[in-house]
Q: 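Before I ask anything, here is the structure I am working with.
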Amino acid sequence: MGGAQEVAPLLLNKLLVAGERVGRIVETEAYAGAEDPASHAHRGPTARNSSMFATAGTLYTYLSYGIHTCANVVTGPEGVGGAVLLRALEPILGLESMWSDRPGVVRERDLANGPGKLCRAMGIALADDGTDLCDPHSRVRICTDGTPPPGDPARTPRIGISRATSRRWRFVVPGTAHASRPERSGGGNR
DNA sequence: CTTTGGATCGTCT
DNA sequence: GACGATCCAAAGG
């Protein structure tokens, strides 16, 4: 496995499974280790981010703004602290559960078009931190239905951070209606 | 449509 | 004691 910024676009179009719920990943962000000032791993391992330093394929969940759970895929190698934040997905299976866990939502595309919403819709919690996403027996895991990652993912700066804002480490499936923000018109990709 | 501010709490300074 | 890898409702154009 390479660095987080290499893995992030490869996770696009993969399936995230949590119990009976399944969604297709359409938006990711890369966060590196000590070298990345915007990463939780920037200041080294702590009690909160310890699973970020685990082996590749580990789930790292954390509490955001005291309210929301966010989910990351650790990219390894062990001890580095690189991870990919899962920012949005397209609901595939288990829609009934998603609707009931997302009261007030009207449009299907609003079920999981944000990192906090994604965890809520999928039923992923802080307790799932440390899960082995590659183990077929895990409640939360990642697999594929054969759909390859897009050859030309949209690339933008990461959202919601105040440091290292010039790095364009956010990746989106082109044309998706399920990203956290609409496709910007006019295109243009580096 | 865009902008603004409140919610809420664990973690680190 | 301050600050978030966010979300939503409310208010303004």
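A note on names: the letters A, B, ... follow the listed sequences, proteins ahead of strands, and every chain is numbered from 1.
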Q: Let me know the distance between NE2 of H42(A) and P of dG4(C), rounded to the nearest Å.
A: 13 Å
Q: What contact category does I161(A) fall into here, base, sugar-phosphate, or nothing, at under 4.0 angstrom with non-hydrogen atoms?
A: sugar-phosphate
Q: Based on Watson-Crick and G-U pairs with both distances under 3.5 Å, what dot-bracket line describes DNA chain C 5' to 3', crossing pairs as [ ] and inter-strand pairs as |?
A: ||||.|||||||.
Q: Going by the side chain to side chain donor-acceptor pair (under 3.5 Å) test, name the single residue among R170(A), E27(A), R181(A) that passes it with T156(A).
A: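 Output: one option passes, namely R170(A).
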Q: Return the value, rounded to whole Å, for the distance between atom CG of L63(A) and atom P of dC3(C).
A: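 Answer to the nearest Å: 18 Å.
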Q: Between dC3(C) atom C1' and I67(A) atom CD1, what is the distance in whole Å?
A: 14 Å
Q: To the nearest Å, how far apart are Y65(A) OH and dC3(C) C1'?
A: 8 Å
Q: Taking for each residue the nucleotide of DNA chain C with the nearest heavy atom, is it S162(A) or K117(A) whose nucleotide lies nearer the 5' end?
A: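 Nearest nucleotide further toward 5': that of S162(A).
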Q: Is the phosphate of dG4(C), meaning OP1 or OP2, less than 4.0 Å from a side-chain N or O of R163(A)?
A: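 For dG4(C), OP1/OP2 do not have a side-chain N/O of R163(A) under 4.0 Å.
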Q: Is the shortest side-chain N/O distance from H40(A) to OP1 or OP2 of dA5(C) below 4.0 Å?
A: yes
Q: Could you state the CD-P distance from Q5(A) to dA5(C), rounded to the nearest angstrom?
A: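 Roughly 18 Å, once rounded to whole Å.
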Q: Heavy atoms, side chains only, cut-off 4.5 Å: are I124(A) and L16(A) in contact?
A: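 Yes, at least one pair of side-chain atoms sits under 4.5 Å.
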Q: Quick check: are there more than 12 heavy atoms from other residues, nucleotides or ligands sitting under 6.0 Å from CZ of R158(A)?
A: yes
Q: Name the first nucleotide and the last nucleotide along DNA chain B (5' to 3') that come under 4.0 Å of a heavy atom in chain A.
A: dA7(B) to dT13(B)
Q: Is R158(A) touching bases, backbone alone, or none of the nucleic acid, heavy atoms closer than 4.0 Å?
A: nothing
Q: What contact category does R102(A) fall into here, base, sugar-phosphate, or nothing, at under 4.0 angstrom with non-hydrogen atoms?
A: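 The residue R102(A) makes sugar-phosphate contact but no base contact.
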Q: Show the numbers, then the answer: is there a side-chain contact (heavy atoms from CB on, under 4.5 Å) between H40(A) and N72(A)?
A: CA-CA 11 Å; H40(A) 287 172; N72(A) 301 255; over 6 Å; no
Q: Figure out the CG/C1' separation between L111(A) and dC7(C), and round it to whole Å.
A: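 Distance, rounded to whole Å: 15 Å.
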Q: Take the protein atom CG of L86(A) and the nucleotide atom C1' of dA5(C), then report the distance between them rounded to whole Å.
A: 12 Å
Q: Take the protein atom NE2 of H68(A) and the nucleotide atom P of dT6(C), then report the distance between them rounded to whole Å.
A: 9 Å
Q: Does D129(A) use its side chain to pair, donor to acceptor, with the backbone of L126(A) at less than 3.5 Å?
A: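 No.
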Q: Go through it in stages, so that I can follow the logic: the residues are D110(A) and R102(A), the test is salt bridge (Lys or Arg N to Asp or Glu O under 4.0 Å), and I'd like the CA-CA distance, side-chain angles, deciding distance and then a yes or no.
A: CA-CA 9 Å; D110(A) 290 326; R102(A) 296 278 294 128; over 6 Å; no
Q: Would you call L133(A) and V140(A) a side-chain contact if the rule is heavy atoms closer than 4.5 Å?
A: yes
Q: Going by atom types alone, do E20(A) and S97(A) pair a side-chain donor with an acceptor below 3.5 Å?
A: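 Result is yes, a qualifying pair exists.
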